[in-house]
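A short worksheet on the structure shown next.
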Amino acid sequence: MVSLLRGFPYALQTPHSGYHWDGSDRRFFEGWYYRVTLPECGQTFAFMYSIEDPTGGKPHSGGAAQILGPDDQYLCRTFPDVERFWAWKDALGLGHWGTTDLTQSPTELHPDLFDQHIQQGYQGTATWHQGKLSDPGSGQTAQWQYEIQPVYGWGDTDRPQQSTAGWLSQFQIFEPGWQILMAHGLATGWIEWNGDRYSFTQAPAYSEKNWGGAFPQRWFWLNCNAFDNQPDLALTAGGGRRGVLWWMESVAMVGIHYQGKFYEFVPWNSEVHWEIHPWGYWQMQAQNAQFEVELIGTTTHPGTPLRAPTEQGLIFACRDTMKGELTLRLWENRLSGKQLLLEATSHLCGLEVGGPWEGVWRSQVE
C-alpha cells in the first residue's frame, strides 16, 4: 500500500527522525512527543509515547502512551506487547496497537481503517496524528485526529536540517540522544477529552524525540511556540546531566526559530548558563559572538508528575506544566553595542524538571 501518511516536505525532515533500535537486546528506550496548543482557550495537549527494551521478555519491555491534557490533567495507558509496536527506520512514523480486531502485524493504517479497527492505540507521522485511549482506573478518555503542516524543522528553512545535539549524536557517545523533530507547525483537526471536543485550525504544533541505552540523571526543559502577538516564533531550550562514554557532564542549549532564521546557542558555539529551581523558576542566559538570549520561565501551577523511561523502567520521574509564564529577550551584538531584536512573552509555555533535585541547580556548580 502506498503510504497516505508520509507526505512530508523532505527539506524539513531532521536527522534522527527514524527509529533508532538496532535489534540488539541491550537496554534501550525511544520516546516521542507531540503537542498542540490552543491559544483561544488557553489549553494544551501533549502526547508522550515510549517503547522500552523492544526485544521483549525483559523486566521493562513494553510501551506506553501518556497525555497531559486541559489544565494539566493526566492520562496514561500502557501497551505491554512490544510485538504490536511499529516504527519507520527512515522517517518519523510510529504506532502501537492495544485493543483491536486485527490479527495482522502492526503497521500504518489509513485513518479510516484505524478508526474502524483500533479501539486502543495511536499512530503518528510528521503530517498526521490520531489515536484512542482510555484509562479504566481513572475513567479518563481521549480521541484525536489532526493533520500537521510543518513550518520549522531544526535549522534555517533554506539549509539542511540539523541534529539538535550536533553531528556526534549519530554515534553512541551521548546518551540519551535528543532531537527536535519539528520546532513549529500548524495542526488542523480535533481532540476529544472526556467527551468534550476541541476543534482547531492551524493551531501551533510541536514534536521531538529522545532515545538511547542510558538515562540522564536530571534535566530541565522550556518549550513554547504560542507567544503573545508573535505567531512566527518558536523556542526550545533545555539541559541535563548525561553520560558521555565513561563520564558525566552537564550541558544545555537554546534554539529559537524566528521569521525564517534559526538562532542556536549550544556548547560548541556559545556560553550557556542556567539557574533552575526544583520547581517554579527557570532562568537561562546564552551568548556567542553574534547574539545573546535570556529566558525567564515561572509558574504558580503545581505541575503534574509524569512517567519517564529510567534505569528502573517507566516511573514518575519528572514534573510538567503547560501553563508556564515565559519572557524571551534576544539581542544582536553590534559595533555600536547590544541591539534588542526581540522581546516576547507567553502564558502557555511548557516547563519541566526531571530527576532528583537538591536545591537550586546553577550551571557553575556541579
Side-chain angles (χ1 to χ4, degrees), residues 14-16 20 28-31 33 153-155 161-181 183 206 208-224 234-257 262-279 281-297 308-311 317-320 326 328 330 349-366:
T14 62
H16 306 294
H20 285 76
F28 180 83
F29 81 95
E30 196 146 350
Y33 180 96
W154 191 249
Q161 299 302 286
Q162 300 175 203
S163 295
T164 301
W167 69 273
L168 283 173
S169 58
Q170 63 188 293
F171 306 108
Q172 288 179 13
I173 295 174
F174 307 112
E175 297 245 279
W178 182 36
Q179 179 70 48
I180 284 75
L181 298 165
Y206 172 83
E208 67 172 49
K209 69 182 301 187
N210 56 8
W211 69 93
F215 307 85
Q217 289 186 345
R218 56 179 172 173
W219 67 93
F220 61 89
W221 178 83
L222 305 88
N223 178 263
C224 185
L235 162 78
T236 302
R241 186 157 174 76
R242 66 182 182 182
V244 185
L245 298 179
W246 55 86
W247 72 92
M248 299 296 296
E249 70 171 8
S250 294
V251 293
M253 55 75 64
V254 178
I256 297 169
H257 291 81
F262 181 49
Y263 300 86
E264 182 186 38
F265 301 86
V266 287
W268 53 90
N269 72 12
S270 307
E271 290 187 10
V272 185
H273 300 285
W274 62 88
E275 178 182 320
I276 314 296
H277 292 216
W279 186 251
Y281 185 79
W282 293 251
Q283 190 266 344
M284 295 186 72
Q285 290 177 304
Q287 64 182 55
N288 54 38
Q290 287 183 283
F291 303 102
E292 183 175 338
V293 65
E294 180 186 53
L295 309 173
I296 298 177
T310 72
E311 291 287 358
C318 58
R319 180 176 295 272
D320 283 57
L326 176 70
L328 180 159
L330 178 68
C349 179
L351 298 170
E352 177 179 85
V353 294
W357 286 76
E358 297 178 5
V360 177
W361 184 11
R362 294 182 176 89
S363 51
Q364 299 89 345
V365 180
E366 289 297 319

> Do Glu271 side-chain atoms and Gln287 backbone N/O form a donor-acceptor pair below 3.5 Å?
Replying inline: no
> Side-chain contact, heavy-atom cut-off 4.5 Å: Trp282 with Leu295?
Replying inline: no
>> Quick one, Phe291 and Ser270 - any side-chain contact, counting heavy atoms below 4.5 Å?
In response: no
> Is there a side-chain contact between Ser363 and Ser250, using heavy atoms and a 4.5 Å cut-off?
Replying inline: no
>> Ignoring hydrogens, what is the shortest heavy-atom contact between Gln162 and Phe262? Give both atom names and the distance.
In response: NE2-CE2, 3.7 Å
>> Once rounded to the nearest 0.5 Å, what's the spacing between atom CD of Glu208 and atom CD of Gln179?
In response: 9.5 Å
> If we only count heavy atoms from C-beta on, is the Trp279 to Trp357 side-chain gap below 4.5 Å?
Replying inline: no
> Listed by chain and number, what are the salt bridge (charged side-chain N to carboxylate O under 4.0 Å, His left out) partners of Glu264, not counting sequence neighbours?
Replying inline: none
>> I need the minimum non-hydrogen distance between Phe29 and Pro176, along with the two atoms involved.
In response: CZ-CB, 3.8 Å
>> Just so I know, are the side chains of His16 and Trp211 near enough to count as touching, which here means a heavy-atom distance under 4.5 Å?
In response: yes
>> Looking at every non-hydrogen atom in both residues, tell me the closest pair between Pro267 and Ala252 and how far apart they are.
In response: CD-O, 3.5 Å
> Considering residues, nucleotides and ligands other than Glu311, do more than 12 of their heavy atoms fall under 6.0 Å from its CD?
Replying inline: yes
>> Using side-chain heavy atoms (C-beta onward) and a distance below 4.5 Å, is Tyr263 in contact with Leu330?
In response: yes
>> Tell me every residue that passes side chain to side chain donor-acceptor pair (under 3.5 Å) with Gln285, counting only those two or more places apart in sequence or in another chain.
In response: none
>> Just verifying a value: how many Å separate Ile276 CD1 and Trp221 CH2, rounded to the nearest 0.5 Å?
In response: 13.5 Å
> In Å, rounded to the nearest 0.5 Å, how long is the span from CE of Met253 to CD1 of Ile180?
Replying inline: 5.5 Å
> ring pair (Phe, Tyr, Trp, His ring centres under 6.0 Å) between Phe220 and Trp361: does it pass, once the steps are laid out?
Replying inline: CA-CA 10 Å; Phe220 61 89; Trp361 184 11; 5.6 Å; yes
> How would you list, by chain and number, every residue that makes a side chain to side chain donor-acceptor pair (under 3.5 Å) with Trp154, sequence neighbours excluded?
Replying inline: none
>> Distance check, rounded to the nearest 0.5 Å: Leu235 atom CG versus Asn223 atom CG?
In response: 6.5 Å
> Counting N and O atoms only, with roles assigned by atom type, does the side chain of His273 sit under 3.5 Å from a partner on the main chain of Met284, one being a donor and the other an acceptor?
Replying inline: no
> side chain to side chain contact (heavy atoms under 4.5 Å, CB included) between Trp274 and Leu222: does it pass, once the steps are laid out?
Replying inline: CA-CA 12 Å; Trp274 62 88; Leu222 305 88; over 6 Å; no
> Mind checking what makes side chain to side chain donor-acceptor pair (under 3.5 Å) contact with Gln283, not counting sequence neighbours?
Replying inline: none
> Roughly how far, to the nearest 0.5 Å, is NE2 of His20 from CG of Asn210?
Replying inline: 10.5 Å
>> Quick test of your reading: applying salt bridge (Lys or Arg N to Asp or Glu O under 4.0 Å), list the pairs with at least one residue in residues 283-293, sequence neighbours left out, ordered by first then second residue.
In response: Glu292-Lys338
>> Measuring from atom SG of Cys224 to atom CD1 of Ile256, what distance do you get when rounded to the nearest 0.5 angstrom?
In response: 11.5 Å
> In chain order, what residues pass the salt bridge (charged side-chain N to carboxylate O under 4.0 Å, His left out) check against Glu352, with sequence neighbours excluded?
Replying inline: none
